[in-house]
Amino acid sequence: MSDAESADEQPRRRRRDPEGHRAAIIEAARHTFAERGYARTTLREIARRAGVTHGLITRHFSSKERLFLAAVPGHRDLEGVAAGDPATLPERIADGFVRRLESDAVNDPLIALLRSASDQRAASDLLFAMQERSIAVYRSVLSSGETTAPDDLDTRVALVGAQMIGVAFGRYIARTEPLASMPPDQLTEHLARIMRQILFS
């Protein structure tokens with residue numbers, strides 16, 4: 001095979017590997033978001049690092065916000081954390097939230113949201129994407145079995161998110177007391193009680 005034929009063959013193979021493209025995009029996004037932060041990261045920079053086109057990224061993920069949520073730990077695992085008995089959803093959400101922030105707060109989407117708050121548009125777009133995904137996951141869990149999701153679930157999820165944002169800022173960014181030094185299991189217990197009140201009262 002000539003060099004020209006080999007060069008032609010390689011792009012065709014790349015185009016036939018959508019999962020490989022997706023993995024490369026997520027890996028490039030993860031590193032770029034970690035290095036530059038959410039607000040300063042561009043899809044074109046991620047595309048350059050992943051060796052793909054800007055259009056291919058939007059085809060796979062549709063927006064920067066959705067790519068971020070797919071690339072960083074935490075929110076991408078929401079379905080797995082939330083799955084289970086609707087009655088114990090608050091406990092699972094609180095436990096998953098505290099565990100992931102204790103292990104890697106730097107790369108958590110809520111921390112990125114708070115650090116991009118000076119860019120109102122970026123923060124607003126990211127918060128909307130996070131809430132939209134959370135609503136879909138919570139609705140799926142709360143509508144299973146004998147239970148039915150409340151009519152005002154959107155409002156309740158927004159309130160849960162506001163609670164998480166407050167805790168994330170106080171404990172992991174501002175490091176204010178008593179949140180900063182509270183044992184993780186105690187924080188989980190407090191959060192679960194508050195989330196239960198928001199979701200089920």
Arg99 CZ: over 12 foreign heavy atoms closer than 6.0 Å: no

Modelled atom types, side-chain donor and acceptor of Thr41 and Glu45, under 3.5 Å: no

His60 side, atom NE2; Ile26 side, atom CD1 - distance, nearest 0.5 Å: 9.5 Å

Heavy-atom pair of closest approach, residues Met164 and Ile93: CE-CG2, 3.2 Å

Expected output: side-chain Arg44 to main-chain His54 donor-acceptor under 3.5 Å: no

Inter-residue atom distance Glu65.CD - Glu132.CD, 0.5 Å rounding: 10.0 Å

Exceeds 12 heavy-atom contacts within 6.0 angstrom, atom CG of Asp151: no

Phe169, CZ: over 12 other non-hydrogen atoms inside 6.0 angstrom: no

Distance (rounded to the nearest 0.5 Å) between Lys64 NZ and Leu43 CG: 7.0 Å

Atom pair CG (Leu159) and CD (Gln163), whose distance is rounded to the nearest 0.5 Å: 9.0 Å

Joint hydrophobic cluster, Val98 plus Ile173, side-chain heavy atoms closer than 4.5 Å: yes

Reported OG1-to-CD1 distance for the pair Thr32 and Ile25, which is rounded to 0.5 angstrom: 11.5 Å

Which atom of Ala168 lies closest to which atom of Leu101, heavy atoms considered: CB-CD1, 4.4 Å

Under-4.0 Å salt bridge between Arg196 and Glu91: yes

Closest heavy-atom pair and its distance - Ala192, Pro90: O-CB, 3.7 Å

Main-chain N/O of Leu199 paired with Arg156 side-chain donor or acceptor, under 3.5 Å: yes

Exam field: side chain Thr188 to backbone Pro184, donor-acceptor pair closer than 3.5 Å: yes

Val157 side chain near Arg133 side chain, heavy-atom distance below 4.5 Å: no

Check: Arg171 side chain, Leu179 main-chain N or O, donor-acceptor pair, under 3.5 Å: yes

Exceeds 12 heavy-atom contacts within 6.0 angstrom, atom CZ of Phe200: yes

Main-chain N/O of Arg100 paired with Ser103 side-chain donor or acceptor, under 3.5 Å: yes

Side-chain (Ser140) to main-chain (Val137) donor-acceptor, under 3.5 angstrom: no

Separation of Leu89 CG from Arg92 CZ (nearest 0.5 Å): 5.5 Å

Nearest heavy atoms of Met195 and Ala94, plus distance in Å: SD-N, 4.0 Å

Closest non-hydrogen atom pair between Met182 and His190, with its separation: SD-CD2, 3.8 Å

